[in-house]
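Comments concern the structure below.
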Amino acid sequence: MYSAAAAAAAPPRRDFISVTLSPEEVVGAGGYNNSKAWRRRSCWRKWKQLSRLQRSVILFLFAFLAVCGVVSYTSMGEPWKSLTNKSLDDQRTEPGIPGLKLANPAVLPAPQKADADLGDYPELSPQKLPKPPHVRRGPSNLQIKPPRRDVRLKTRHGTSRVVEEPVQADKEDKTEKSVISWRGAVIEPDQSTEPPSSKIKEPEKPSSVEDVDQKEPVAINERQMAVIEAFRHAWKGYKDFAWGHDELKPLSKSYSEWFGLGLTLIDALDTMWILGLKEEFEEARKWVANDLVFDKNVDVNLFESTIRILGGLLSTYHLSGDSLFLEKAKEIGNRLMPAFKTPSKIPYSDVNIGRGTAHPPRWTSDSTVAEVTSIQLEFRELSRLTGDEKFQKAVDEVMKHVHTLSGKNDGLVPMFINTNSGQFTHLGVYTLGARADSYYEYLLKQWIQGGKKENELLEDYMRAIEGVKKHLLKRSQPKKLTFVGELAHGHFSAKMDHLVCFLPGTLALGAHNGLTADHMKLAEALIETCYQMYAQVETGLSPEIVHFNLHAQKGHKDVEIKPADRHNLLRPETVESLFYMYRFTGDKKYQDWGWEILQNFNKYTRVPTGGYTSINNVQNPSNPEPRDKMESFFLGETLKYMFLLFSDDIDLINLDKYVFNTEAHPLPIWAPA
Ligand code: DMJ
């Protein structure tokens, strides 16, 4: 650009376009103005100053460029468009799930944490993703062991075929199946039913409805027929003399009342279903529908009513799919909840289900450890079915609290716990019998129910079994029977309750679920002992408590019985363990032992006019001294386990799908969410 002064001293003429600048257009003269109007006018003047030829050339160039632009846009458009779409599609494909595309991603997925495993996957994106197949997460302190996946395909006849699936990429394998280990225990999670959600939701379907692999019913064998006959005989007595009441008194042809809630009838519902006694079941159902009333001014024991009534109703709901039983379960569950209103949240032993009040027994503010820790399977399942988490919260809190308590001895717990302080009381006495037994049983069974993820339960269980081995296991003389004694303030007692005979079954169940093989060895030794508690006695029936001989004495058997302990209440524990042992080993001797026991019940406890009775003296075959009472667990547990023991159908309450509560009511095992 030229200044006016420069123009005055102009050099000789050359060909150029002359530009005349007006004063206001001179730079530095204060006339510069960058307004739009100024720029427009200035451009137009410059255009006007061009020659016609110059203007034509410029216009031609513009026209040429415009034509080129249009042509190149149409030829390049398609590839560009597809390129753009492809990259969007790539963004929609979910990492880790080949082939899964989001329908309509609102935002890109959040960056993945370096240590995130696939269990965290669903939280990565705000999209609601379809469930990744079979996602399971191994607990952080457990070792993840990978690959080969066996798929058992069920044939129509119930046998299974094993198909080996190819090993997939590392990451995928972790999502498919976690095998975890805990101190040498190898655990393979494998469950079936959805776990509880933390939100209120529609009630879950009963597990029987979810069972897809229905197969033809397996024929009932002779021994099972004998169980059905025994059940019918017991039921006849109950129906004739105790209908709608708690327990039959078969000799006096009357009944006894404990809670006034038809205990035997409710306890027996799922047994009738399993035994295929449709008519009896329908009749009992009518009673539940029309006559079972919980709105009663009556004190019930929290533990007993949970395992028998709540447990019985829940399992019957699952087997039958009849919502009546779920409604009743909900009602009794709600009415039992006041028990948890204590300073420590350790529940009181007794609840008035009509008034909604709860209290400890009159003489103490303690509860029994087994009682407060053996109501969890039922309350947790009630939460899962109803979507109301208050039931599970209450019982989980108890377990968490007990987990942290001091006063245990290598995992063994005292028998009492205070509802005010939440501390164990009467320290120093350890038993696997009355008042502690089902604490151990429910550690394992809750862990199984919840899909083997709750590590504290497994830890407490494993530790406790180590404690049993260290402090309570001994061998008797002369037969060297392995038994579980008791420890009182450092002194070992060779006393064993019949109640302890739940332990071989529980140990076997743990081993079946991947726990260490020496648990199975111990189970085998202990079930032999439990059988000997029957076989070495004159009637072939076990007393309530035995004492084992630790030293060989001429003419003495392994088992000694004190006069106060020689009663038999028709208890189930040995038959229960025989059932597990037969299921897991297939060894027929367990069926034979159970068969002997059934025959002895028939011989010494059967009342001709209907029903069975507990007896006072298992050592006197000529007069076993009937006590005139048929406990509800004889129908709820003993005969049910007998029937299952004699069955060769592993799908008759499949132990990979159901877990039995401590009253023999099967509840579904939860699958991962
Ligand atoms: C039943 O009520 C339950 O099995 C409980 O765990 C122990 N006592 C009886 C049977 O013996």
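Worth saying up front: this structure is predicted, and the values here are computed from it rather than measured. For ligands, and for the atoms within them, numbers begin at 1 and follow the listed sequence.
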According to side chain to side chain contact (heavy atoms under 4.5 Å, CB included), who are the partners of Glu528, at least two apart in sequence or on a separate chain? Leu481, Gln532, Trp593
Using 4.0 Å as the upper bound for N to carboxylate O, is an ion pair formed by Glu280 and Arg232? yes
Is the closest basic N to carboxylate O distance between Glu454 and Lys445 below 4.0 Å? no
Please list all pairs meeting salt bridge (Lys or Arg N to Asp or Glu O under 4.0 Å) that have one or both residues in residues 305-320, counting only residues at least two apart or in different chains. Glu304-Arg308, Arg308-Glu663
Less than 4.0 Å from some atom of ligand 1, heavy atoms are found in residues Ile307, Arg308, Leu499, Arg571, Pro572, Glu573, Phe633, Glu637, Thr662, Glu663
Among all residues two or more places apart in sequence or in another chain, which pass the salt bridge (Lys or Arg N to Asp or Glu O under 4.0 Å) test with Asp322? Arg285
Check the angle between the aromatic planes of Phe634 and Tyr612 and answer parallel, tilted or perpendicular using the 30° and 60° thresholds. tilted
